[in-house]
Amino acid sequence: MRVLLIDDEEELISAIAESLSFRGIDADWVTTGEEALNQLESKRYDLAVVDVRMPKISGLALRKVMKKKYPSMRFI
């Protein structure tokens, strides 16, 4: 399973990614909605964990865009 973690709190999201990696889950992380959209252009993910409150583009707005472009992706 490949997971994309999106949160503006870098320390938190990097720790979660590391924890998932120890459990054998391939996890990448980014800190902005723009970075998330760029990351999705180069890699396919099964799941995205999205922070609701982020600067510039909210997690809800980001999810809406991502769901249109990547309908098979799941979200938390």
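All values below come from the heavy atoms of this structure, side chains included, with hydrogens, waters and symmetry mates left out. Bear in mind the structure is a predicted one, so any value in this text is a computation, not a measurement.
Under the 4.5 angstrom side-chain criterion for Ile, Leu, Val, Met, Phe, Trp and Tyr, the cluster partners of Leu37 are Leu4, Ile6, Val30, Leu40, Tyr45, Val50, Met54, Ile57, Leu62, Val65, Met66, Tyr70, Met73, Phe75.
When all heavy atoms of Pro71 and Lys67 are compared, the pair lying nearest together is O-NZ, 3.1 Å.
Here Ser19 pairs with Arg23 under the side-chain contact (heavy atoms from CB on, under 4.5 Å) rule; sequence neighbours left out. Take Arg53 and apply the side-chain hydrogen bond (donor to acceptor under 3.5 Å, both in side chains) test, not counting sequence neighbours, and it matches no residue.
A 4.5 Å side-chain heavy-atom check between Thr32 and Asp8 finds every atom pair outside the cut-off.
Among residue pairs with one or both ends in residues 26-46, those qualifying as salt bridge (charged side-chain N to carboxylate O under 4.0 Å, His left out) are Arg2-Asp26, Asp28-Lys43, Glu41-Lys69, Arg44-Asp46; sequence neighbours excluded.
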Is there a side-chain contact (heavy atoms from CB on, under 4.5 Å) between Val49 and Val3? Walk through the geometry before answering. CA-CA 7 Å; Val49 179; Val3 178; 4.2 Å; yes
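Lys64 NZ: 12 or fewer foreign heavy atoms inside a 6.0 Å radius.
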Contacts under 3.5 angstrom, residues 10-18 side chains, donor-acceptor by atom type, not counting sequence neighbours:
| unit_1 | atom_1 | unit_2 | atom_2 | d |
| --- | --- | --- | --- | --- |
| Ser14 | OG | Glu10 | O | 3.0 |
| Ser14 | OG | Glu11 | O | 3.1 |

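Residue Asp51 holds its CG atom at 13.5 Å from CD1 of Ile76, rounded to the nearest 0.5 Å.
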